[in-house]
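In what follows, a structure is listed as structure tokens, so that the remarks can point back to it.
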Amino acid sequence: MKLFTNKMGILSIALAMTVSSCNKEFLSAVPELDLSDATVFNTPARVLSQVNGLYGSAKNGSLFGGRYLIYNDIRGEDWVNRTTNSVTGYSTYQGNQDPSDSYLANFWVQGYLTINRTNLFLEGLAANPNAVSSTLAANYRGEAKFLRALTYFSLVQYFAKPYIMDKGASAGLPLRLKGSVSSADNDMPRSTVAQVYAQVLSDLNDAENELPDSYGTALLNTTRAHKNTAIALKTRVKLAMGDYAGVIADANKIVSAAAPFKSSTRVAHALQADVSAVFKAPYTTTESIFSFPMDATNAPGTQNQLGYYFNAGNVEYYLNTGTIGIYNNPQFAATDDRKTKLTVATTAVAKFPSSTKFSGVSPYVDFVPNIRYAEVLLNLAEAEAETGNLSRAAALLKAVHGRSDAAYVFAALDTKADVIKAILTERRIEFLAEGFRANDVTRRGEPMVSFGAGATIQPSDPRYIYGIPLAEVQTNPSIGK
């Protein structure tokens, strides 16, 4: 697929994200564009602009700034479509997505564009060893590799069979690790799922080694990758692999042995006492391990915004109050802060509950959370349960649930099956509207209960994963090999 324009044009599109260490300029500064090969690495400021451009590419509304998360949620059973609008994911909601769907293709295109930009940046940084100090170069390499890992991992969840089904033996994605500047590079077969995961973990291990312990502000600790960010993402990746011992080993680097669970190293990550604080300005709580910032100058774009889909202002999708939806699940009690503070029971638009995690008011500039400390705790809880440590698993589960509903008493946590069921239910409650649902189902190889399709989609069903986009098939002759 054609992902190139001009080598330095690709590198230098900073998408209005030049970082300032102290103020809002981080969100709104105008980037340098179309720098020549001779000048793009000739000042530290220009090198930094390339790093910011990588984050800007990843946070595009077609990818992590909006639609990737939205489509993960609406494939499941917790949302009901209100508008039948073909532009806002209706075919995916119905389970009718196909390789010609341009919106699904945009995940692929923007994902590989981001990957290509990271490749070109890493090559350019290596070719210009005196552009910045060795310490800063390592920092920037770590950030680029973190973003490449995040993108590859996210795409392989959508477009390939789950790792757990055959230990990654299935066809995965083209593994592009060199910068592409011409159509001559299009032709590339799919690597296996296992090979993609191996590259993701290689990038994350490198990132953990090279990233700084922290930055100078809460804003940068939330919006730029540091060591704990890479560690946290590794727990997500290893959970999808069924590598529960690996999840525990990595999570223990940033989670204390017992309650109250928190990180005592580097950035002091911890759950917030009030969960709603995570979704309010300035969006930089210690629970927010990694988020994509938004601003009026670079909002997610028309019909890509989380608030546009799920909040009362528009309500493309409202919460399913039926028996299979999470809203009226007994574990999601009426007294739960996540219900009382982050949903609204009825609206002028729809007489059904909707989410208020993200603003329903244009231009929809809430930060988009990608990794929260609550996820790390629940990743660890699931891994502990799978390996038989039910007491710690239950304690982690209760820590997440208890901060939003301290009075709730779990009915039964006596068996492994009980604990895992409660953890998976907790994930549906905790990460509602944050883009976890479909991936949480497929990573375990379980059937997908699709409310929109009116069916339970089995792992053997072609609808279980997305097909390779038609545009990629047409421009990459080896994609089917």
Please determine if D440 and R437 form a salt bridge, counting it only when a charged side-chain N lies under 4.0 Å from a carboxylate O. no

- Task: In plain terms, say whether R141 and D206 are close enough for a salt bridge, that is, a side-chain N and a carboxylate O under 4.0 Å apart.
- Result: no

Applying side-chain hydrogen bond (donor to acceptor under 3.5 Å, both in side chains) to N106 and not counting sequence neighbours gives none

field: R82 to Y309 six-membered ring, cation-pi geometry met (6.0 Å, 45°)
entry: no

Flag the pair [X] / [Y] as yes when their ring centroid distance falls below 6.0 Å, and as no otherwise.
X	Y	result
Y71	F107	yes
F290	F146	yes
Y93	Y317	yes
F159	W108	yes

What is the ring orientation for F352 with Y318, classed by angle as parallel under 30°, tilted 30 to 60°, or perpendicular over 60°? parallel

inquiry  = Can you classify the ring geometry of F436 versus F431 as parallel (below 30°), tilted (30 to 60°) or perpendicular (above 60°)?
reply    = parallel

In short, salt bridge (charged side-chain N to carboxylate O under 4.0 Å, His left out) pairs touching residues 158-168 with sequence neighbours left out are none

Once you round to the nearest 0.5 Å, how far does [atom1] of [X] lie from [atom2] of [Y]?
X	Y	atom1	atom2	result
K145	Q199	NZ	CD	8.0 Å
M188	R176	CE	CZ	5.0 Å
D73	L432	CG	CG	6.5 Å
I326	R428	CD1	CZ	4.0 Å
N209	L204	CG	CG	11.0 Å

Is any side-chain heavy atom of [X] less than 4.5 Å from a side-chain heavy atom of [Y]?
X	Y	result
Y197	T192	no
N370	R236	yes
N139	E210	no
V368	F64	no
I115	L155	yes
R148	L54	no

For the residue pair [X] and [Y], confirm or rule out a side-chain donor-acceptor distance under 3.5 Å.
X	Y	result
Q110	S57	yes
E316	N314	yes
E143	Y55	yes
D295	T297	yes
Q303	Y308	yes

Note: A58 and L147 closest approach over all heavy atoms is CB-CD2, 4.2 Å

From CA spacing to verdict: salt bridge (charged side-chain N to carboxylate O under 4.0 Å, His left out), R190, E472: CA-CA 11 Å; R190 299 167 74 176; E472 176 71 16; over 6 Å; no

